[in-house]
J.: 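Can you keep this structure in mind? I'll have questions shortly.
Atoms within each ligand, like the ligands themselves, are counted from 1 in listed order. The model shown is predicted, which means the values in this text are computed figures rather than measured ones.
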Amino acid sequence: MEKRKARIAVLVSGGGTNLQAILDAQASGIIMSGEVTLVVSDRAGAYALTRAEKAGVRGIEINKKACGGQAAFEEKLAAALEENRTDVIVLAGFLSILSENFTSRYPRRIINIHPSLIPSFCGASYYGLKVHAAALARGVKVTGATVHFVNEIPDGGEIIAQKAVEIQPEDTPEVLQRRVMEQAEWIILPQSVEKVCAEITKV
Ligand code: GAR
């Protein structure tokens, strides 16, 4: 009998290159213990939803602004995850902060990718290009990416994987962001998704 696969929901806000890395890893067999069954965007027009559609995965928009508040947004999100019978929630470039009321429902079931070596350049005000701009401004010579479980503290949950990336003298935030994605994020996120899904589905 074929082993049950964990049902993965990926939460996104933008371009969705990390979602793409997960979908590609599923297609190539790097992810074999889980399958992406739902993609949710918290904002309108996220290209990640087009990526989901191209891969034949159900994608929905729960527009946070239109929900009129954090609690209403999280209720809608929880209902969609419930309906999907979600086992694992992956935040892949998802830029909304989730409250303790939400995260406490899914202990060790939500994972996030952050584009620095936590505990450097992390927390609620560090996201996207801001993280890389801060690393360059501080003059660090090594940065990287971190995958961690999500709890009530932004970027504060248990670390699952990290990978270091060297900074080059002429780097701009954009150039550095791309290198961190290529050399770290797109590798450790799929690996971590597989690790967590394998753990959940093991008999
Ligand atoms: C990625 O670099 C991800 O690590 C970062 O946003 C980018 C999204 O890109 N996430 C955060 O900063 C979370 N604090 P993507 O939409 O192409 O995956």
J.: Is there a polar contact between ligand 1 and D155, counting only N or O atoms under 3.5 Å apart?
T.: no

J.: Would you call the rings of F121 and Y126 parallel, tilted or perpendicular, where under 30° means parallel and over 60° means perpendicular?
T.: perpendicular

J.: With a cut-off of 4.0 Å, which atoms of ligand 1 are near a heavy atom of Y126?
T.: 14 (N)

J.: Kindly determine whether E75 and R105 satisfy salt bridge (Lys or Arg N to Asp or Glu O under 4.0 Å), including the steps that lead there.
T.: CA-CA 12 Å; E75 272 318 308; R105 295 192 207 187; 2.9 Å; yes

J.: To check your reading of the model: name the closest protein heavy atom to atom 12 (O) of ligand 1, its residue, and the distance in Å.
T.: G128 N, 2.8 Å

J.: For ligand 1, which atoms sit closer than 4.0 Å to a heavy atom of N18?
T.: 1 (C), 18 (O)

J.: Determine whether L95 and R43 make a side-chain contact, defined as any pair of heavy atoms from C-beta on separated by less than 4.5 Å.
T.: yes

J.: Do E166 and K141 come close enough that some side-chain heavy atom pair is under 4.5 Å?
T.: no

J.: Under 4.0 Å from a heavy atom of H114: give me the atoms of ligand 1 that qualify, with their elements.
T.: 14 (N)

J.: Of all the non-hydrogen atoms in the protein, which one sits nearest to atom 11 (C) of ligand 1, and at what distance?
T.: P115 CD, 3.6 Å

J.: Give me the residue, atom name and distance of the protein heavy atom closest to atom 3 (C) of ligand 1.
T.: E185 OE1, 3.3 Å

J.: Below 3.5 Å, N or O to N or O, backbone or side chain included: is there any such pair between H132 and ligand 1?
T.: no

J.: Counting heavy atoms not belonging to Y127, are there more than 12 under 6.0 Å from its OH?
T.: no

J.: In this structure, which one of Q177, R178, R179 forms a side-chain contact (heavy atoms from CB on, under 4.5 Å) with V175?
T.: R179

J.: Any idea which atoms of ligand 1 are less than 4.0 Å away from a heavy-atom of M181?
T.: 1 (C), 2 (O), 9 (O), 17 (O)

J.: With atom 16 (O) of ligand 1 as the reference point, say which of G93, G16, G14 has the nearest heavy atom.
T.: G16

J.: Is the closest side-chain donor-acceptor distance between T146 and Q162 under 3.5 Å?
T.: yes

J.: Which bit of F94 gets closer than 4.0 Å to ligand 1, counting heavy atoms only: side chain, backbone, both or neither?
T.: neither

J.: Using a 4.5 Å cut-off on heavy atoms from C-beta on, say whether the side chain of V196 contacts that of E199.
T.: no

